[in-house]
Amino acid sequence: QQELPAAGRCSPAHRPRTVANVLRELAEKQQLSEETVSLLQAQFSDLPCDLHRWRQMAEYSPEMRQFACLLHLYHIKAYDYLRKIFPLPHPNSLANWLSNNEAAAGFSNSIFLRLQEKVERGEQGYRYCALMVQDMSLQKQQEWDPQTQHLTGFVDLGAGVLDADEAPLASEAIILMAVGISSPWSAPLGYFFVNSTTGHLLAQLLRQTINKLNNIGITVLAVTSGTTARGAETARALGIRMDPERIQCTFQHPPGSIHNIMYFFDICHALQLVRNALQCFQKIESLSDTVWWQDVVELAVLQEQRVLEPCSPKLGEPGSEESYYLKVNLATPLFSEGVADALEHLQKRGLASFQNCSGTVKFVRLMSCLCDIFHGRGPCRRGLKGPLLAGNYTKISHLFNEAKSFFVTLTDSMGKYIIKSKRKLGFLSLLLNAESFKWLYTNYVCLEGTPSHHLLSYAFSLDPLELFLRALQQACGSSGSPTCTVFQAAYHKLLASCSLTPGSPHSGGSGITSYLDISLSRGRDLTLGSICAQYNPAHGRTLATEYHCCAGFLLHGSALSNALTDLSLYTQSVTCTSGFIAEQLASDLQCEACLASLFESDESRLRCGSVLYIKKLGGVSLPSASVYHITSISERVLNQYGKVGDGNKNTKLWHLSLEQKVFQELLGGSLLFPTLTKHLFNGELCVNNHYTILVKEITRHYLNIR
């Protein structure tokens, strides 16, 4: 511009072909944003300007590499245009420049190397995977790193920090993870510091990740993102179409190739959007039924009430009635068979609030079936909750077709179609996921010579990545957004302890160690308890602090009748304390099956879904026989060993020794929690499951009270 003072007024055809001029030309054609052009010009002011100097370079300098990577990720069309003028590298070679050792931003070389070793050893479970992406907010803060002698806190896409004075600070970290689809392994592939995430940027990062995995022999079958506006933008950038009449659930990679990759939206996010739609519209109408939000509200806030139920008459004796208390299991997911069964049961009992709930029951039951398919976690589960098998394709395909026919006809109170309203994303994402599953069945599960004949559907949700992110947040040491420096240190810590062995998720001390638990935790906003907290915050929060024992109170036919025949204060105290502990645990438990197992139930009674029928003693809920057995063993151990020791009974070591003795007493004893036998197969097959957690929590609560 100094040599040609009028260059700024020249037409693009007469400008000298420099990098700055070409970028300005792209900005004028609106093919590149002014913000991106300003950032590139500020960061790369020392780049060779003219074409001749580019061609003289024997190899790409670090600045050239950084410029090429940044331009390609931000705008692929601008990169392709500039590549016709300047000798920029082929896009497939950029992935190596986006890779780093240790825990720096970019792809983690160590993880890719370990995955490559497993593939080269012939481990079939690592040949195919699903890819997922999620972001984590960062605290904008510029810091000085004394080790590298550089400023940190800026945007970093793996090729170097963008630390010009005009460069923005990073506000988000994008994390990528690969998950096995037939073997439960997961691998964090890397992260990238960005200022503002766009769907185009995520799509470009996903394509680079797929290239890098292909280069080490791993085939990506599916991509999963959050069910958000950004996730929808990413899907469109990859070529996904979400029109319910013409759904395109796969994209080609490389573009124009025969390899298709499925796209999934996270099921937990999708269910939250469907819940929001039902709550906002209050009622949704189909061709023949009406779905009422008020039905599930009435169930969630249903007050505990006393009911009389007929007993089975004994031989030669007239029939009688027993007193129960009807209680709602607030850990029950909204879209579950338990809620559908409970609504039907209360309708049959004649409760006025539930007499018009047939449409709601049908909708909840359909959503429950979809959840079972999308949440399959292990090869030991059965039915719709099991792995994707060739034998159940017909049943699942019929269910998906039923869901599509139902969703596209749903209207609001004004007669407008939900699928075309502003609350459509949740329903559209479920339809897209269904099409992706059908495509997966047709092309991988049902054909010979394909990767696997049983696929784990949890691999197509964000549960594995969310488990890693919670461990990462725990390692950051605070509940707020971390800075770039804190994030990198925490990521380095987790990467050092990362195991690619199947069935070893990243707990990081977060307390959540299984995909079942992370799914329950993420779905806490989708339970009856969350609805109850919205409409009746005080309901279920008060627990009795004193134990009122009623002398002479016998429970005929109960599993605890023999224990209560001796009406000593000791026996009653243990029983009431057990019931109090059951109520305490029930207020915090997120698992529907575990909560139900805490209370005494008559196995001859019909299942009533999320409605529990419990008995009471002295105002306290009667615990299940298993809870009573654990507390009575704990009391016996405490009486036997409570007077032994050095007198310091407040130490953690003394508490642990008592717990150990209780466990020793329980070993080899009667079967505990018989209703949880099938539930144990819902999660990972490991020792530290819901069964052992319940035993430990009941023991600890009782010892703490005593």
Side-chain angles (χ1 to χ4, degrees), residues 95 98-100 103 105-116 118-119 125-136 158 172-194 197 202-203 205-214 216 218-227 230-231 234 261-269 377 456-475 487 490-508 510 512-515 518-519 522:
L98 296 171
S99 305
N100 288 297
F107 295 115
S108 302
N109 277 332
S110 59
I111 293 293
F112 280 89
L113 182 61
R114 290 163 61 187
L115 287 173
Q116 184 176 2
K118 290 183 176 295
V119 173
Y126 292 87
R127 290 186 57 218
Y128 298 88
C129 76
L131 183 61
M132 51 193 63
V133 60
Q134 182 68 298
D135 58 82
M136 179 176 176
E172 293 173 289
I174 299 173
I175 300 96
L176 292 156
M177 174 174 279
V179 178
I181 60 171
S182 59
S183 177
W185 60 268
S186 60
L189 302 177
Y191 67 91
F192 304 85
F193 289 147
V194 299
T197 307
L202 290 178
L205 286 174
L206 287 168
R207 288 194 180 274
Q208 289 291 348
T209 310
I210 296 169
N211 284 338
K212 202 165 176 59
L213 288 169
N214 286 344
I216 62 173
I218 297 178
T219 301
V220 177
L221 295 185
V223 165
T224 302
S225 74
T227 314
R230 187 177 297 164
T234 304
I261 299 176
M262 296 164 293
Y263 198 92
F264 286 94
F265 285 107
D266 179 58
I267 183 63
C268 184
H269 290 167
R377 296 185 193 90
L456 308 176
S457 59
Y458 80 89
F460 308 117
S461 74
L462 289 180
D463 287 352
L465 183 50
E466 285 287 346
L467 184 61
F468 178 78
L469 291 181
R470 297 207 181 187
L472 190 61
Q473 186 73 53
Q474 184 82 9
F487 179 95
Y491 193 92
H492 177 75
K493 178 181 177 182
L494 285 187
L495 203 63
S497 60
C498 176
S499 172
L500 302 183
T501 305
S504 56
H506 321 272
S507 64
S510 64
I512 298 179
T513 59
S514 73
Y515 296 139
I518 191 65
S519 178
R522 295 182 66 208

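Atom set for the values below is all heavy atoms of this structure, side chains included, hydrogens, waters and symmetry mates excluded.
When all heavy atoms of Tyr263 and Gly231 are compared, the pair lying nearest together is OH-O, 3.2 Å. In this structure, Gly226 and His269 approach most closely via the heavy-atom pair CA-ND1, 3.4 Å. Of all heavy-atom pairs spanning Ala203 and Thr234, the tightest one is N-CG2, 4.0 Å.
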Next on the checklist: What verdict does the side-chain contact (heavy atoms from CB on, under 4.5 Å) test give for Gln134 and Asp266, after you've listed the backbone C-alpha separation in whole Å, the side-chain angles of each residue and the deciding distance to 0.1 Å?
Outcome noted: CA-CA 10 Å; Gln134 182 68 298; Asp266 179 58; over 6 Å; no
Next on the checklist: For a side-chain contact (heavy atoms from CB on, under 4.5 Å) check, start with the C-alpha distance between Tyr126 and Ile216, then their side-chain angles and the critical distance, and finish with the verdict.
Outcome noted: CA-CA 11 Å; Tyr126 292 87; Ile216 62 173; over 6 Å; no
Next on the checklist: Phe192 vs Thr197, test: side-chain contact (heavy atoms from CB on, under 4.5 Å). Steps then yes/no.
Outcome noted: CA-CA 10 Å; Phe192 304 85; Thr197 307; over 6 Å; no
Checklist entry - Should Ile210 and Ile261 be marked as a side-chain contact (heavy atoms from CB on, under 4.5 Å) after you check the CA-CA gap, both sets of side-chain angles, and the distance that decides it? => result CA-CA 10 Å; Ile210 296 169; Ile261 299 176; 3.6 Å; yes
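Using bins of under 30°, 30° to 60° and over 60° for the plane-to-plane angle, the ring pair Phe460/Phe264 lands in the parallel bin.
Taking CD1 of Ile181 as the reference point, atom OH of Tyr128 lies at 8.5 Å (rounded to 0.5 Å). Of the inter-residue distances, the one linking Leu465 atom CG with Leu176 atom CG reads 8.5 Å to the nearest 0.5 angstrom. Atom CE of residue Met136 and atom CZ of residue Phe193 lie 10.0 Å apart, to the nearest 0.5 angstrom. Separation of atoms SG (Cys498) and CD1 (Ile111) is listed at 4.0 Å; rounding is to 0.5 Å. Atoms CG and CD1, from Leu115 and Ile218 in turn, are 4.5 Å apart once rounded to the nearest 0.5 Å. Atom CG in Leu131 sits 12.0 Å away from atom CE in Met262 (nearest 0.5 Å).
A heavy-atom distance below 4.5 Å is not found between the side chains of Cys129 and Leu221. Contact annotation: the side chain of Leu98 never approaches that of Lys212 to less than 4.5 Å [non-hydrogen atoms, C-beta and beyond]. No side-chain heavy atom of Leu205 sits less than 4.5 Å from a side-chain heavy atom of Gln208. Counting only heavy atoms from C-beta outward, the side chains of Leu495 and Pro188 approach each other to under 4.5 Å.
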